[in-house]
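Just so you know, ligand 1 is whichever comes first in the structure, and atom 1 is the first atom listed for that ligand.
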Amino acid sequence: MANKSKFQAIKGTRDLLPPETELWTRVEQTARSVFGTFGFGEIRPPIFEPTELFARSIGLDTDVVSKEMYSFQDRDDSSVSLRPEATASVCRAYIEHGMHSLPAPVKLYYLGPMFRRERPQKGRYRQFYQIGAEVLETIQPGQTDAKSLDKDAAVDAEVIEMVMTFFARLGLEGLQLEINSIGHSAPECRRGYVELLRAELEKVKDQLGPDSQRRIETNPLRVLDSKLESEQALIAALPRIGDHLCEACSMQYAEVKRQLALRGVPFQENWRLVRGLDYYMRTTFEITARGLGSQNAVCGGGRYDGLVELLGGLPTKGIGFAIGEDRLILSLQEAGKADAPKGRDVYIAWMGAGVMPTAIRAAQALRNAGFRVELPPAEQKFGKSLGQADRLGSRYALILGEDEVASGQWTLKTLADGTQAKLSESELIQVLSASRG
Ligand code: HAM
């Protein structure tokens with residue numbers, strides 16, 4: 001019989017099912033535990049926000065805002081959007097809850113679904129999951145930039161160290177961390193560089209593809225991101241931002257590198273790493289994993305001093321990252337680090353009209369002791385029960401018939417080798433607990 005539902009999950013979305021969801025849970029628990037050791041607390045912002053929040057933060061000319069948001073008119077006619085990322089929401093919440101008066105810096109992490117209407121492919125979905133973290137610190141009156149450069153660099157390095165610690169805890173190897181500094185938006189820094197870049201790009205405009213041609217006007221930095229084979233040689237010959245940073249940004253970048261080395265975090269510099277969201281300044285970074293094909297960035301992040309102020313808050317520094325959880329899971333699976341599916345510890349093979357109460361009591365006792373127990377809802381022949389126990393990957397079958405109930409001696413069968421033991425109820429829990437190790 002065909003089993004085709006009238007409905008299917010919408011393109012770019014999918015159901016996550018057991019046993020894979022056990023891996024998702026382990027990844028999320030590990031994130032909570034590692035981030036906790038770095039002093040981060042969890043924030044759960046809403047999944048939809050005013051469209052304007054994302055447009056302002058991420059930038060109108062970015063792909064995310066111009067083409068990928070799921071936006072709709074709410075009943076009061078306001079425009080709302082499913083969140084394409086969470087940094088903007090965290091900054092909104094920071095302002096809304098007056099978090100600048102909390103002990104600084106404020107360190108928050110989040111887990112959850114994000115939505116972007118991209119072309120789906122391996123590692124790219126329209127509903128995907130991020131694990132992210134943000135560090136926010138409102139600038140105290142009188143605090144000068146120069147004094148805090150080293151401190152900011154140490155915060156950047158610690159945030160990156162935290163991501164790498166998390167990946168290491170999951171056993172993920174072969175990751176590559178790339179870093180860059182994109183300076184700050186002053187004429188003597190990034191703005192000057194962008195003008196220079198635009199002028200250089202104009203000279204080779206005819207040789208560029210339509211996307212890059214358009215970006216000469218809208219955002220020349222994004223040309224550096226191009227993966228088009230035909231543009232690579234041209235891009236390699238362009239002026240590099242590292243040679244055009246102001247003194248403060250350049251010092252800060254040098255300190256980030258020193259701080260990473262101090263923490264034993266290996267990195268590579270990539271002057272073309274500009275990121276696709278407008279709020280970044282100074283430090284940017286990305287982490288790529290093997291075996292993911294073209295969508296190999298498992299984490300992206302950077303510094304975004306000024307975003308909180310742009311959203312109406314006080315001048316505030318920010319740095320953070322987001323890990324693509326779907327891609328992280330894919331690379332764990334490809335590296336053979338996925339969990340073996342967990343079966344049942346005990347399958348209760350019961351038979352006989354008067355046996356059910358004992359079977360229920362046994363299931364309750366075993367579950368209270370933390371075992372995974374399968375209790376068939378109706379009696380069935382022992383042969384059928386043992387077959388099902390096997391299919392469910394059970395370690396033991398607890399055989400309960402009228403004889404066992406009458407004698408109080410239950411039969412525990414080890415399914416791997418077929419051995420059997422007669423045990424009282426309390427001995428059973430003891431034996432199973434001991435075998436759990
Ligand atoms: P992002 O680079 O846009 O940064 O996304 C971060 C990560 O999310 C990517 O590296 C990728 O692993 C994953 N990702 C993005 N889009 C998709 C998709 N369509 N399908 C699957 N995975 C995807 C941000 O979102 C920033 N908010 C990060 C940040 C936080 N910067 C500072 N704080």
Original post:
Contact residues of ligand 1 with a heavy-atom cut-off of under 4.0 Å?
Top reply: Glu85, Thr87, Tyr110, Arg116, Glu118, Gly123, Arg124, Tyr125, Phe128, Gln130, Glu134, Arg275, Leu277, Tyr279, Tyr280, Ala297, Val298, Cys299, Gly300, Gly301, Gly302, Tyr304, Gly320, Phe321, Ala322, Gly324, Arg327
**OP:** From the options Ile241, Asn270, Ile235, Ile182, select the one residue that forms a side-chain contact (heavy atoms from CB on, under 4.5 Å) with Leu224.
**Re:** Ile235
**OP:** Under the salt bridge (charged side-chain N to carboxylate O under 4.0 Å, His left out) rule, collect the residues that match up with Glu42, sequence neighbours excluded.
**Re:** Arg32, Arg44
Original post:
Around Arg26, counting heavy atoms of other residues, nucleotides and ligands shown, do more than 12 lie under 6.0 Å from its CZ?
Top reply: yes
**OP:** For residues Tyr109 and Phe35, establish whether the separation of their ring centroids is below 6.0 Å.
**Re:** yes
Subject >> Exercise: do Glu28 and Trp24 side chains pair donor with acceptor under 3.5 Å >> reply: no
**OP:** Would you please classify the geometry between the Tyr279 ring and the Tyr304 ring as parallel, tilted or perpendicular, with 30° and 60° separating the classes?
**Re:** perpendicular
